[in-house]
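Residue numbers run from 1 in the order of the sequence given. Since the model is a prediction, treat every value here as computed from it, not as a measurement.
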Amino acid sequence: MNSSSFNFTLLLPLIVGCLMAASASNFYQDFDITWGDGRGKIGNSGEVLTLSLDKASGSGFQSQNEYLFGKIDMQLKLVPGNSAGTVTAYYLSSKGSTWDEIDFEFLGNLSGDPYILHTNVFSQGKGNREQQFYLWFDPSADFHTYSILWNPQRIIFSVDGTPIREFKNMESIGIPFPKNQPMRIYSSLWNADDWATRGGLVKTDWTQAPFTASYRNFNANACVWSNGASSCKSNSPSSASNNNAWFSQELDSTSQQRLQWVQKNYMIYNYCTDAKRFPQGLPPECKMS
């Protein structure tokens, strides 16, 4: 197999995933609005979900299904204008005191200043693995696709198909990896003006309320966990099907280059370079990167 066909083969799951993300989803069937006293709404016959925040309350939703590995896509359009003090969180999480979690959080800002995309990975209740990015577009002007690929080998965060972060399974050097606890999808829009914008210096301007974030085109190509069993026939779904290619997917050379481009030009914080925060030495996974 020559290199060009090899690269195309590795890119095929990404192409298929992008096509699938555009397929019809129904928020009535896939999600429950869990809090907000009417501030979360599903419209357009289940095609669009909106969360709103005002001074009294934010709002949130969660998936009806739990998942143990998958490729999760959602299109979001964030709060426009002066969104300082607000946080739109979109994440996977399990329950309990030793929970696993895979986070996207969008930290609002003053009009004209960029959103900060905050990412984190928790395994067995331990997080502190923050990486933060600016985006190369205005995420409040239109919908963009935010994806989590989670398989037994790695977690890949992507924006519009461009990888921005990879967290590899490094259990071989004693670092726990999320692989045993099924997780639901959660999202919420809430006020965090004690820390979200410039460390809490900029407060939420409630004259701009209500603040609204919108969601559409959810797609989960994933193993659904129900009654103690996975919808995938085994721990290794047949890789012969393009639908299951995500289970063993890794970054090819082109995707590696795109990841490096994002991290060079748009990463604004990386826990792995924050020596002051870890005076006893950087976390062991940082030395493997």
Side-chain angles (χ1 to χ4, degrees), residues 20-80 83 85-96 99-108 115 117-122 139-140 142-150 155 157-159 178 181-192 196 204 209-226 231:
M20 293 189 69
S23 64
S25 60
N26 190 307
F27 282 103
Y28 287 117
Q29 295 174 1
D30 296 322
F31 292 92
D32 293 316
I33 294 173
T34 46
W35 63 283
D37 195 23
R39 291 172 180 82
K41 294 184 173 70
I42 298 173
N44 277 27
S45 302
E47 292 181 5
V48 175
L49 187 153
T50 57
L51 294 181
S52 291
L53 162 70
D54 57 35
K55 198 165 187 176
S57 178
S59 49
F61 65 85
Q62 70 180 43
S63 62
Q64 295 183 10
N65 286 328
E66 291 183 290
Y67 304 96
L68 187 60
F69 305 125
K71 183 175 186 294
I72 310 293
D73 303 300
M74 182 82 83
Q75 291 193 331
L76 278 73
K77 182 162 72 169
L78 300 180
V79 174
S83 58
T86 72
V87 173
T88 306
Y90 163 59
Y91 59 102
L92 289 164
S93 182
S94 64
K95 295 289 191 183
W99 78 100
D100 295 336
E101 186 171 322
I102 304 169
D103 283 345
F104 277 115
E105 289 187 293
F106 303 89
L107 313 185
Y115 265 85
L117 172 51
H118 173 102
T119 67
N120 205 349
V121 176
F122 288 76
S140 68
D142 204 350
F143 285 92
H144 292 269
T145 303
Y146 302 90
S147 304
I148 294 168
L149 184 143
W150 169 37
I155 295 162
F157 297 77
S158 299
V159 178
Q181 301 186 63
M183 298 198 256
R184 290 188 196 276
I185 302 162
Y186 296 89
S187 190
S188 56
L189 173 57
W190 49 290
N191 177 45
T204 304
F211 303 97
T212 301
S214 303
Y215 303 74
R216 72 179 188 191
N217 286 346
F218 164 71
N219 186 73
N221 197 349
C223 300
V224 175
W225 188 265
S226 180
S231 63

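When all heavy atoms of T50 and S214 are compared, the pair lying nearest together is CG2-OG, 3.6 Å. Of all heavy-atom pairs spanning P139 and Y115, the tightest one is CG-CD1, 3.7 Å. Listed here is the closest heavy atom pair of A209 and D54: CB-CA, 4.2 Å. Residues F143 and K77 approach most closely at CD2-N, 3.7 Å, considering heavy atoms.
Applying the ring pair (Phe, Tyr, Trp, His ring centres under 6.0 Å) rule to pairs touching residues 39-67 yields F31-F61, F61-Y215, sequence neighbours excluded.
To the nearest 0.5 Å, the span separating NZ on K55 from CG on N191 amounts to 9.5 Å. Y90 contributes atom OH, which lies 15.5 Å from atom CG of L189 (distance to the nearest 0.5 angstrom). Between atom NZ of residue K71 and atom OG of residue S158 there is a gap of 7.0 Å, rounded to the nearest 0.5 Å. Summarising the geometry, atom CZ belonging to R39 is positioned 12.5 Å from atom CD1 belonging to I33; distances are rounded to the nearest 0.5 Å. One distance of note links CD of E66 with SG of C223; it measures 13.5 Å at 0.5 Å rounding. To the nearest 0.5 Å, atom CG of residue L51 and atom OG of residue S59 are 4.0 Å apart.
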Practice task
Go through the steps for T34 and Y186 under the test side-chain contact (heavy atoms from CB on, under 4.5 Å), then give the verdict.
Solution key: CA-CA 10 Å; T34 46; Y186 296 89; 6.0 Å; no

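Contact check for I72 versus I102: no side-chain heavy atoms found under the 4.5 Å cut-off. Side-chain contact between L107 and V87: present, with at least one pair of heavy atoms (C-beta onward) separated by less than 4.5 Å. Using a 4.5 Å heavy-atom cutoff, the side chains of T145 and N217 are not in contact. With a 4.5 Å cut-off on side-chain heavy atoms, W225 and N65 do not count as touching. Between D37 and S57 there is no side-chain heavy-atom pair separated by less than 4.5 Å. Considering only heavy atoms from C-beta on, F211 comes within 4.5 Å of T204 through its side chain. Inter-residue side-chain proximity for I185 and F218 is flagged as met; some heavy-atom pair is nearer than 4.5 Å. The side-chain heavy atoms of W35 and S188, taken from C-beta on, include a pair separated by under 4.5 Å.
Using the six-membered ring where Trp is involved, Y146 and F106 have ring planes that are perpendicular, over 60° apart on the 30 and 60° scheme.
Using modelled atom types and a 3.5 Å distance limit, the side chains of T212 and S52 yield a donor-acceptor pair.
Evaluated for a side chain to side chain donor-acceptor pair (under 3.5 Å) with S94, the options E101, Q181, R184 yield exactly one hit, Q181.
Crowding of N44 atom CG: a count of heavy atoms from other residues, nucleotides or ligands under 6.0 Å exceeding 12.
Side chain of W150 to backbone of L92: no donor-acceptor contact under 3.5 angstrom is found. Although no hydrogens or angles enter the test, the distance criterion places no donor-acceptor pair under 3.5 Å between the side chain of S83 and the main chain of G108. At distances below 3.5 Å, not a single donor-acceptor pair connects side-chain atoms of D103 with backbone N or O atoms of E105. Remark: the backbone N or O of A89 is paired with a side-chain donor or acceptor of S187 at under 3.5 angstrom.
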